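Keep in mind the model is a prediction, meaning the values are calculated, not measured. A, B, ... follow the sequence lines: proteins, then strands. Residue 1 opens every chain.
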Amino acid sequence: MRDGRSQRGAEGFGRRGGSGERRPPVSREPYNPQEIEEKWRDFWRERGFFKAKIHDTRKKFYYLNMFPYPSGKLHAGHGRNYILGDAIVRFLLMRGWNVLNPMGWDAFGLPAENAAIEQGVHPRDWTWRNIQEFKRQFRAWGVEYDWDREIATCEPDYYKWTQWLFLKLYEKGLAYRAKGKVNWCPHCEVVLANEQVISGRCWRCNSPVEKRELEQWYFKITAYAERLLRDLAKLDWPEHVKKMQENWIGRSEGAEIIFRAEGGQEITVFTTRPDTLWGATFLVLAPEHPLVPELTAPDRKSEIRAYQEATERLTEVERTSTEKEKTGAFLGTYALNPATGERIPIWIADYVLLGYGTGAIMGVPAHDERDFLFALKYGLPVIPVIAHPGEQGKAFVPAGLYRETFLPALKEAGVAVEIRGDGASLHFPAEKTDQVANILQKHLRPEGWGAVVGEGWRLVFPEEIVNIGSLAEERRALGKLLERASDLKGKRTVAEALWEISFLRDLLFHAEYGKMVNSGPLSGTPGSAAISRTVAWLEEKGLGKGTVTYKLRDWLISRQRYWGAPIPMIHCPRCGIVPVPEKDLPVKLPEVNRIGKLGLADIPEFIPTTCPRCGGPARRDTDTMDTFVDSSWYFLRYISPKDETRPFDPELVNKWLPVDLYVGGVEHAILHLLYSRFITKFLHDLGLLSFDEPFRRLFTQGMVTYPAYWCPAHHWIPPKEVAEGNRCPKCGAELVVSVVAMSKSKKNVVSPDELIAQYGADTERLYTLFMGPPEREIEWSEEGVRGCWRFLNRFWNLALDILERTAGVQAEPDPETFGPKEQAIWAKLHATIKKVTEEFEGRLALNTAVAAIMEFTNELSAYTEEENPDPKLLRRSLRDLILLLSPFTPFVCEELWHRLGEGKAVLETPWPEYDPKALEEAEVEIPVQINGKVRARLRLPRNKAADPKTLEAFVLAHPEVQVRLQGLKVEKVIAVPEKLVSIVAR
RNA sequence: GCCGAGGUGGCGGAAUAGGCAGACGCGCGGGACUCAAAAUCCCGUGCCCCAAAAGGGCGUGUGGGUUCGACUCCCACCCUCGGCACCA
C-alpha cells in the first residue's frame, strides 16, 4: 500500500509525458495587445480608480515615486521606477487601501535653460513639451496617477511656496548670506553645486573645477546634523543608503585645543586624537586661514603669499589628490605646545582645509600618516607618544659596532636576532624595549650606537640611552648620532635618520590607539581611557575642550541662473538686506525672449524695485534657488496642490504623512533625501508638521544597463545601427563596447514606444518586473522580453481555452470532491496567492512573484490536458490567476476579466485571499538523507509526516531506505516534521 | 585607504528561520509544423565518470571550522561593483 502511493506520487503531475499526446491545436483568437491595450487605456482614469479620497484617511497609504525632471523622453530604464510603482499601487487598491499616488514635475533646472540658450525656445515651453511627452508615455504604459494633484515646481503657484520656505528659514536665522569659496566651472562659466562636482570635475563638460570667492546664500543644514544622523535609526531604509548619509554627515568626536603663538595669538586646532598632544611638534594652518597674515614673520611674507597663490590656482582635483606630494611653507614664527611648553614651528599646507574643524591642526607625525610624510619632507622632528598595541619592537645596530658578547647576551634574554650585511636586526615584544636598550648599551663598542623602536624610541650610546620623548632629547640624540654615523650626515631629524634603516621603517608611525608614553602626567594611561582623560585634563587646565565636528557643510543654494525660483530678497542701500513681504510672493520670473548665461542678472528690468521697509529704490536679489530646494518639500504640496493660501493643509498633511513608501533611484541617496529630511525637520520645529521624517520606508530601484558602442570618429553609435562584427556603420572601425546605464547621451536607450508597438505595454511591464530583483542593477535583454511575450501568449491561450470549456460554470469548486490532481492544483493556487501577496507586502522582489505566477500557469496548463479536469476548479484558478497578474499586466487582465463575465473592473475586485488549509497537501515528499546525502525521496500522507516519531518509523521501515542501510548500524535519526529525515549510520 | 553591497549552471537569477541547490526565464541541443525559413509548440539541458541506461562522484569565489545536515552560521583570505576619500 505504502509502496503504491509513493510510486504513483513519484510520477508527479507537473509535467506532460514525452509521448506528445496533446490535443490538436485549436485555432483561437490570437493575442493582440495593441488592440486590447488601446481599449483599456483611458478606462481606469475615467473610472477614477486612482483618485485618492483625501478627506477619508482611514486605511490611507501614501505611495510616492520620486518625481522626474522632464527632459526628452522616457526610456525603458526609467520604466523600472514607474512600472514598479504602478504595480504596487494597483495591488494596494485591490487590497482596499485608500491610496494617494500623485505625480509631478521637478521642472526647474539647467537643461531647460541650456536648451533655451541653444535653441532659442523658452524654458517653460521646452519643459511643458517634455511633460506632455512623459504623460503620453505613462498612459501608454498603463501607469496611472491621481492627476488632479499634478504639480510643477516651475509654476508660480508652486514656487511661491518655495520662496515662502526661504523666508521662514531666513526668519529663523537658517538662511544666511556669506562669502565663501564656491565651485566654478571655467568652461561653462557657471557656479556649480557641490553635488554637481564629480571627483573635482564639472558634471557636464568634465573640466576641472576651480574655486571662486563669492557672496552666496546658504541654508544652515549643519544646525540639524545631529538629528539628521540620530533619526536615521528610526527609518525603514536600505542600510547602505543610511550608511551613505551617515558618512556624508561625518560626525567625529574630538577636542579643540588652544595653542598660543609667541606673538600672543591663540590658534585653536581640532583633533580627534587629543591623546597625541605631547607628540605635536608643529602646527599647520590652512593657507586661507585668517590668522596667517599676522602670524607670518616679516621676512617670509613674499614666500607665504606665493604659496597661498599657488594653492589658489590649484583645481579641486589637484588639491585633493592623495597622490600629490605634501607641500607647505613655514611662517617663520612659533607657538607653544600647551602640554610640553616646547616651541613648535607654525606652517601652512594645502592638505589642511579651511572648511573642516577649525582650519588648523596640530602636527603629530608619529601618529598620523599625513603629518609623518610632511615631517619627513620638511625635516620636522617626530616624537612617539602612543605605544603600538600588541606590536613587535625592533632594534638595529650597524655591523661592527657591537662586541662579540652581544649575541650571546641577546640569546640569554630570548631576543631574536638576524645578522645581515649591514648590521644586527632584533625582534622582541614591545614591553621589553628598555631591557633591550640596556643589553645593547652594555655590549656596544665605544664608537657604537644603536636604535630601539618599541614603546617609544631609544637611541643607545655607550655612555647613555636617550629616550626620544621630547624635542630637547630629540636634538641631543640627533647630535650624538651625527657625531658617530658619518653616513647619516645631513639628516635633519632622528626620524629622518631612522627612516634610512629600512628594517625599522614600518614602526616609525602608527595611528592606533594605545598606551600613552612620553606624555608627562598622563604617561601610562591605557588606550581605552587615553582620549577621555586627556580631554578632562585639557578642560581642567583651560587648554581646550571636547567637541564634535561634522563633515556636513551648509547648503549653498544660490544659483546665478534664470530657470529657478527667484530668491525673495531685496538689497536696499539704506536698510541692507530686506526680505520680500510674504504678501508680495511670488517674486515672479520675468517673461523674456532671450536668456543670457548670467541668468536674472542679465535682465535689467528685473532688478529695480522699492524697499519694503523704507520705500526707497532698491535692487532685487538676482540669484535663483538650487532646484533641490524645490524638491525638498514637494511631497507636502500633493496633499493640497491648489491651496492658494498656504503651502499645504496642515491637518491633512499630518494625517497623510509621512510617506509610507517612497521609491526612486539610489543616485539621490544623499542629496535630495538629506535635504528633504532637513526641511521636514525644520517645518516640524515651526510647529507645522507633527512628524519629523518625511519618508518612512524607502526603496531604491537599480539602473537598467545596455551595451553602448563607441566609435573614435563618430562617437556613440545606437546599438541597432552597429554593423556586422561590432563595426561602425559609417567608417567600419571596430567599436568599443561597454555595458552601461541606459542614457540618451550614450545612445543606448531602448524605446518604450517601439517595444509597445511590437509586443505591447503588458510585455514590457512584465519583463521590467521579471528581469531581476528591482533594487539591483541589471542588463536589459531583448531575449528576455521575448520570453515574457511568449508567456503572455500562453497565458492568453490558456485563458481562452478555459473560458470556452467553462462557459456558464460557477467559479466555486468543492475541495471535498477533489482527486489528488485537483488537490495539487488547489494547493498550488493558494501557495501562489500567498507568495505574490507576501512579495507585494514585504520585500518587493516582484521577480519571484512573477516566477510563481508562471509556475502556476504552467501547472494549470498541464492540468487542462488531463482527462476531465474539474471545470469549477479551472474557472476559479483562471479567475484568481487574472487577478494575481493584473498589477503586472493590467491591460490583458482587464480584457480577460471582462470576458470572464465579471461585472466589475479588476480594480474594484478584492485581491484573492489564500486559505492556509488549502496549502496543506494531503501528501508530502520527504527527502531522506543517509550520512548527509539524499538517498531517497518518499511520499507519505501529511499527517504521518507531521509527527516526528511516526515519520521516523515510516522512513526506517521503508524498503528503499532498508536497502541503503544494509550492513550499517543506525546511530542517530533526525526527523524534521514535514521537511526531511536525516539518518546517521556506520 | 575607509565604508557598503555582492560572488550560485553558458546567461539573468531562485532558495525571505541551518533542512531536496539551480525555481522561473533566457540560451543551447533534439523533435513537430513548413517546400524552406521565421514564428509557434513538444522533449531534454549544472559538471564529471561509465558506449547508453542503471549507478556513482563533484558542485554555491578560496581555505579552514561548527553541525546529523551549511549557498545560509563562525574565522581567515581573494575578486567584482558602488559610495566616500589629505575631513585632522
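For Glu775(A), the side chain to side chain contact (heavy atoms under 4.5 Å, CB included) partners two or more places apart in sequence, or in a different chain, are Phe699(A), Pro773(A). Residues that satisfy the side chain to side chain contact (heavy atoms under 4.5 Å, CB included) test with Thr700(A), not counting sequence neighbours, are Pro238(A), His240(A), Val241(A), Val666(A), Leu698(A). Here Asn32(A) pairs with Glu35(A) under the side chain to side chain donor-acceptor pair (under 3.5 Å) rule; sequence neighbours left out. For Lys243(A), the side chain to side chain contact (heavy atoms under 4.5 Å, CB included) partners at least two apart in sequence or on another chain are Glu246(A). Scored by the ring-ring contact (aromatic ring centres under 6.0 Å, His included) test, Tyr351(A) finds Phe374(A) as partners (sequence neighbours excluded). Shown here are the side chain to side chain contact (heavy atoms under 4.5 Å, CB included) partners of Ala366(A), two or more places apart in sequence or in another chain: Val382(A), Pro384(A). Looking at residues two or more places apart in sequence or on another chain, you find a ring-ring contact (aromatic ring centres under 6.0 Å, His included) between Phe888(A) and Phe840(A). Listed by chain and residue number, nothing satisfies the ring-ring contact (aromatic ring centres under 6.0 Å, His included) test with Tyr914(A) (two or more places apart in sequence, or in another chain). Under the ring-ring contact (aromatic ring centres under 6.0 Å, His included) criterion, Tyr767(A) pairs with Trp780(A), sequence neighbours left out.
OP1 or OP2 of rA88(B) lies within a sub-4.0 Å distance of a side-chain N or O belonging to Ser252(A). For the pair Arg843(A) and rA15(B), the criterion of a side-chain N or O lying under 4.0 Å from OP1 or OP2 is met. In this model, the phosphate group of rC24(B) is not approached by any side-chain N or O of Asn847(A) to a distance below 4.0 Å at OP1 or OP2. Asn858(A) has a side-chain polar atom (N or O) that falls below the 4.0 Å cut-off from OP1 or OP2 of rG25(B).
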Between protein and nucleotides 69-71 of chain B, what N or O pairs are separated by less than 3.5 Å?
none

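Note on Lys551(A): a base of the nucleic acid sits closer than 4.0 angstrom, heavy atoms only. Heavy atoms of Gly250(A) sit nowhere under 4.0 angstrom from any nucleic acid atom. If you check every strand for non-hydrogen atoms under 4.0 Å, Val984(A) touches sugar and phosphate atoms only. Among the atoms of the strands shown, base atoms are found under 4.0 Å from some heavy atom of Val352(A). Nucleic acid contact for Glu839(A): base, since at least one base atom lies under 4.0 Å from a heavy atom of the residue.
When both pairing distances are held under 3.5 Å, rC2(B) makes a Watson-Crick or G-U pair with rG83(B). rA38(B) is unpaired under the criterion used here, namely a Watson-Crick or G-U wobble arrangement in which both key atom distances are under 3.5 Å. Nucleotide rC28(B): paired with rG44(B) (Watson-Crick or G-U wobble, both distances less than 3.5 Å). In this structure, rA51(B) forms no base pair with any nucleotide, since neither Watson-Crick nor G-U wobble geometry is met with both distances under 3.5 Å. The nucleotide rU62(B) finds its pairing partner in rA76(B), both defining distances of the Watson-Crick or G-U wobble pair being shorter than 3.5 Å. For rC71(B), there is no paired nucleotide, since no Watson-Crick or G-U wobble pair has both relevant distances below 3.5 Å. Remark: rC33(B) base-pairs with no nucleotide in the shown strands. Criterion, Watson-Crick or G-U wobble with two distances under 3.5 Å.
Side-chain contact annotation: Thr705(A) with Glu777(A), donor-acceptor N/O pair under 3.5 Å absent. Using a 3.5 Å distance cut-off with no hydrogens or angles, the side chains of Ser252(A) and Tyr356(A) do pair a donor with an acceptor. There is a side-chain donor-acceptor pair under 3.5 Å between Asp554(A) and Thr222(A).
With rG12(B), rA88(B), rU16(B) as the choices, the nucleotide that has an atom nearest any side-chain atom of Lys835(A) turns out to be rU16(B). In this structure, of rU16(B), rA88(B), rG12(B), it is rG12(B) that holds the atom nearest to the side chain of Phe770(A). Out of rA39(B), rC68(B), rG57(B), the shortest distance to the side chain of Arg935(A) is found at rG57(B). Candidate nucleotides rG19(B), rC24(B), rG12(B) were compared by shortest atom distance to the side chain of Ile778(A), and rG12(B) ranks first. Comparing rC24(B), rA14(B), rG19(B) against the side chain of Pro773(A) picks out rA14(B) as the nearest. The side chain of Glu783(A) lies closest to rG27(B) when the candidates are rA23(B), rG27(B), rG25(B). Of the listed nucleotides (rC84(B), rU16(B), rU40(B)), rU40(B) has the atom at the smallest distance from the side chain of Arg786(A).
Comparing rU40(B) with rG25(B), their P atoms are spaced 14 Å from each other, to the whole Å. For the P atom pair drawn from rG64(B) and rA54(B), the interatomic distance equals 34 Å after rounding to whole Å. The P atoms of rG59(B) and rU72(B) are separated by 13 Å, rounded to the nearest whole Å. Across rA70(B) and rG63(B), the matching P atoms stand 15 Å from one another, rounded to whole Å. Going from the P atom of rA53(B) to that of rU34(B) covers 32 Å, rounded to whole Å. Comparing the P positions of rC75(B) and rC86(B) gives an interatomic distance of 32 Å, to the nearest angstrom. Between rG46(B) and rA23(B), the two P atoms lie 8 Å apart (nearest whole Å). Across rG7(B) and rC73(B), the matching P atoms stand 11 Å from one another, rounded to whole Å.
Glycosidic conformation, rG9(B): syn, with the torsion inside 90° of 0.
Pro274(A) and Val535(A) make their closest contact through CG-CG2, 3.9 Å (heavy atoms, listed as atom of the first residue, atom of the second, distance).
Checked by distance alone, Lys326(A) brings a side-chain donor or acceptor within 3.5 Å of a matching partner on the base of rC86(B).
Of the residues in residues 789-800 of chain A, those with a non-hydrogen atom less than 4.0 angstrom from any atom of RNA chain B are Arg790(A), Arg794(A). Within residues 238-246 of chain A, the residues that place at least one heavy atom under 4.0 Å from RNA chain B are, in residue-number order, His240(A), Lys243(A), Met244(A).
The 5' end of RNA chain B is approached more closely, in terms of each residue's nearest nucleotide, by Ile983(A) than by the other of Ile983(A) and Thr272(A).
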Derivation of the side chain to side chain donor-acceptor pair (under 3.5 Å) call for Glu839(A) and Thr848(A): CA-CA 8 Å; Glu839(A) 284 305 339; Thr848(A) 65; 3.2 Å; yes
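Two rings, from Tyr759(A) and Trp789(A), have their centers less than 6.0 Å apart.
Atom OH in Tyr356(A) sits about 13 Å away from atom C1' in rC84(B), given to the nearest Å.
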